[in-house]
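What follows is a single structure, written as structure tokens, with notes after it.
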Amino acid sequence: MAAITFDPNFNLQKNKELPQHRVLVEEIEGLIKVYKDGHVERPQVVPNVTCKLPLELGITSSDVIIDRFTNIWARLYVPKKLCQGNKFPLLIYFHGGGFCVGSASWICYHEFLAKLASIANCVIMSVNYRLAPENRLPAAYDDGVKTILWIRQKVLIGANAEYWWLNKVNFSSIFLAGDSSGGNIAHNVAIRVCSKLGDLKPITLKGTILIQPFFGGESRTYSEKYMAQPPRSALISASADTYWRLALPTGANRDHPWCNPGAKGSIDLVDLRDIPAILVCISELDILKDRNLEFCATLNRVGNKKVVEYMMFKGVGHAFQVLNKSQIAQARTAELIAQIKAFISK
């Protein structure tokens, strides 16, 4: 397979000599600065890495281009051996970062997803979607749908030397997954797939895996108001509000259905009845805890049956599986991977 080159900072506008009069309008310290003239800065807070992996993981990783025009690409994680002769489920994964930062090439995602593919016995396609505010929602959702249609097209054409990994995938067992804003993207892409695209044969969406999904609302939940967060926490209410201002369509507030799927008048949850299974992974010390619990309760009520299962991870906060190396975070990450493995193996 020919080497594919890409620029992980594609959306970063670069200008070495900034005008002295440039006006800063939005900032999340250390992560993003947005100026009135549209210039955006994203400090390199997390290293970008190539697809190279240790041999002992038993995973082959490579990068593929989904759309050259918009620079949508994905990083693949493919187990080297078949599991008891069977083909593997496919997880289409969306990284977190408030829709505004992050990359499929960030080392924290590269390491986590390689481990997940190895232990859970699945192929993973980690999508590098377009970021806000240069590309406000629904751009990331559109990129997710485009990725699914790209996969379907490749399956119809058939595997070749470049797309050899297709031979290892069970395309009747596809899952949309993601953490934080990536969980939100997986949710909203699933809505579009179920309600708008119709028959996707020969591929089948079997479920969604939402890890600490990033939802919000104008009215604060208890955990959003009172959950104490340590310094440099991955998510606090102030940064969450900034992400939403940068990501939602101009003029929208946090009761927009893309932010608050349970808001009055929203019909999006009804469309999810067509998804066979939904797993929501919630962190006990996350400000999103109550929001995530409300989402599960609302969806089960709307669906008239238990369509959502969730698991609470004790003693850890937002994005623990990619940003926290403590002993308890590593233990909970092992539990998270085990839960995902069980869910996709049903």
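Scope of the values below: all heavy atoms of this structure, side chains included, with no hydrogens, waters or symmetry mates.
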Margin query: Quick test of your reading of the model: are Glu284 and Arg332 salt-bridged, counting only N-O distances below 4.0 Å?
Written below: no
Next item on the list: Could you label the plane-to-plane angle of the His187 and Phe295 rings as parallel, tilted or perpendicular, counting under 30° as parallel and over 60° as perpendicular?
Entry: perpendicular
Margin query: Count I, L, V, M, F, W, Y as connected when their side-chain heavy atoms are under 4.5 Å apart, and connections chain through other members. Are Leu200 and Leu176 then in the same cluster?
Written below: yes
Check: Other than Tyr226, which residues form its hydrophobic cluster under the rule that side-chain heavy atoms must be closer than 4.5 Å?
Finding: Tyr222
Checklist line | Salt-bridge criterion met for Arg220 and Asp241 (N-O under 4.0 Å) | finding: yes
Next item on the list: For residues 327-346, pull every pair meeting ring-ring contact (aromatic ring centres under 6.0 Å, His included), keeping only residues two or more places apart or in separate chains.
Entry: Phe175-Phe343
Next item on the list: Could you check whether the rings of Phe214 and Trp244 sit parallel, tilted or perpendicular, using 30° and 60° as the cut-offs?
Entry: parallel
Margin query: Can you confirm whether Lys115 is buried at NZ, in the sense that more than 12 heavy atoms of other residues, nucleotides or ligands lie under 6.0 Å from that atom?
Written below: no
Checklist line | Residue pair His318 / Ser233, side-chain donor-acceptor N/O under 3.5 Å | finding: no
Note to self: Quick check: do Arg192 and Tyr141 have side-chain heavy atoms less than 4.5 Å from each other?
What the structure shows: yes
Next item on the list: Answer with yes or no whether the side chains of Tyr109 and Asp179 bring together a donor and an acceptor at under 3.5 Å.
Entry: yes
Notebook entry, point to check: Does any non-hydrogen side-chain atom of Val23 lie less than 4.5 Å from one of Asp37?
Noted result: no
Note to self: If hydrophobic residues (ILVMFWY) are linked whenever their side-chain heavy atoms come closer than 4.5 Å, directly or via other members, who joins Leu55 in its cluster?
What the structure shows: none
Check: Below 4.5 Å, heavy atoms only, C-beta onward: do Trp150 and Ile72 meet side chain to side chain?
Finding: no
